[in-house]
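Please read the structure below before turning to the comments.
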Amino acid sequence: MILIDGKKEAEELRKKLKDEVSALKLKYKKVPGLTVILIGEMTPSQIYVRNKEKSANEIGLKSEVIKYPESVEEKIVLDKIKELNNDDTVSGILVQLPLPKHIDKQKVIETISPNKDVDGLHPINVGNLSSGYQGSIPCTPLGCYLLIKKIESNLTGKKAVMIGRSNLNGKAMAQLLLQEDCTVTITHSKTKNLKEECLVADIIVAAVGIKELVRGDWVKKDAIVIDVGINKTEKGIVGDVAFNEVSKVAKALTPVPGGVGPMTIACLLKNTIECFKRFQN
Ligand code: NAD
């Protein structure tokens, strides 16, 4: 079984991106800038944002975090996003999710300029992805895609099963694999016979949020299994895939932690650089 080392792959990607930032700096006399907006005091969000800022700085991006208290008015956030949309030193804007209940997520996403939408969640970028046009691709599915392509460069005709249909994960992942000529099935909480769906899959991407949902006897021999899930347990973080069981049958599997997570952050940096390049052109 191939243990897919997301940490190592992310490190390699960050090295390449660092070189690219240096080259862009020489060419344009400026560097891409990433601005993250963090609302509230939720610990996981604070940790994610700190990691994003650290990684951005390490590869030479200009990085800024704007923090608001939980009680901030929606208008203040929307006005700040509009200001950042018009700021040429800002290439990418990310508003860390989830948001407090009184702030409309859709309004926030739609206020970010599609050209600076490094999370790939703006409806224009969602449309671009499903049409096969250029645009930002959500970071986690992009990271999963790069990991899958490292294991298997030709995915034509493979059966791929997404577990989970969120905009952030399942739907975008399905589009990426469709573009690779996979036959894609998107499953979700109302899917009947999920085990049977999984058993025919050459590729399984689990993005659910249920600890060890995917069992060893759900997985075909030689399948590639990507575990996006992050579930807190007393023993630490575990994924949506029963690692010990599935590692005995799968051809390749991502661990949790150390699989998809590091690639998500590296792909955020990649998206910021892509936004910068598209703006220069
Ligand atoms: P979400 O809650 O938006 O979506 C979960 C999806 O799972 C839904 O589409 C739902 O229909 C489906 N689902 C629920 N129960 C199911 C069941 N019994 N069988 C099949 N499908 C079921 O979640 P999300 O934002 O897509 O995140 C999913 C998981 O991925 C979470 O654990 C989250 O923490 C994790 N995540 C990880 C990263 C990373 O970088 N590793 C990034 C984003 C999210």
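Counting convention: from 1, in listed order, for ligands and their atoms alike.
- For atom 1 (P) of ligand 1, the nearest protein heavy atom (residue, atom name, distance) is S166 CB, 4.1 Å.
- By the 4.0 Å heavy-atom criterion, G229 is counted among the residues contacting ligand 1.
- When atom types are taken as modelled, the side chain of K25 and the backbone of K29 share no donor-acceptor pair closer than 3.5 angstrom.
- Counting heavy atoms closer than 4.0 Å to ligand 1, residue T140 contributes side-chain atoms (C-beta onward) but none from N, CA, C or O.
- Not close to ligand 1: T191, with no non-hydrogen atom less than 4.0 angstrom away.
- Distances from atom 14 (C) of ligand 1 to the heavy atoms of V238, V208, V214 put V208 nearest.
- Among protein heavy atoms, the minimum distance from atom 37 (C) of ligand 1 is reached at V228 O, 3.0 Å.
- For Q179 (side chain) and L129 (main-chain N/O), a donor-acceptor pair under 3.5 Å exists by modelled atom type.
- In plain terms, the two heavy atoms of K159 and V200 that are nearest each other are CD-O, 3.4 Å.
- Residue L168 has no nitrogen or oxygen atom sitting less than 3.5 Å from a nitrogen or oxygen atom of ligand 1, judged on distance alone.
- In this structure, atom 27 (O) of ligand 1 lies nearest to the protein heavy atom N169 ND2, 3.5 Å.
- Shown in contact with T264 at under 4.0 Å from a heavy atom are these atoms of ligand 1, numbered in order with element: 39 (C), 40 (O).
- The nearest pair of heavy atoms linking P257 to I237 is CD-O, 4.0 Å.
- An N or O contact shorter than 3.5 Å links S189 to ligand 1 by distance.
- Applying the 6.0 Å contact sphere to CD of E41 captures no more than 12 heavy atoms from other residues, nucleotides or ligands.
- Within the listing of ligand 1, atoms 20 (C), 21 (N) sit less than 4.0 angstrom from a heavy atom of I163.
- If you chain together hydrophobic residues whose side chains sit under 4.5 Å apart, V36 and V72 never meet in one group.
- Tested against L94, the residues V49, N271, V65, V118 include a single side chain to side chain contact (heavy atoms under 4.5 Å, CB included) partner, V118.
- Under a 3.5 Å cut-off, the side chain of N125 and the backbone N or O of P114 do form a donor-acceptor pair.
- Atoms of ligand 1 found under 4.0 Å from any heavy atom of G164, numbered from 1 in the order shown, are 6 (C), 7 (O), 9 (O), 12 (C).
- Taking all atoms of both residues into account, the shortest heavy-atom contact from R14 to A266 is CG-CB, 4.1 Å.
- From the protein, the heavy atom lying nearest to atom 32 (O) of ligand 1 is I230 N, 3.0 Å.
- Residue-to-ligand polar distances keep T187 apart from ligand 1: every N/O pair is separated by 3.5 Å or more.
- One N or O on the side chain of S22 and one on the backbone of K18 form a donor-acceptor pair closer than 3.5 Å.
- Interface atoms of ligand 1 facing L194, defined by a heavy-atom separation under 4.0 Å, are 19 (N), 20 (C).
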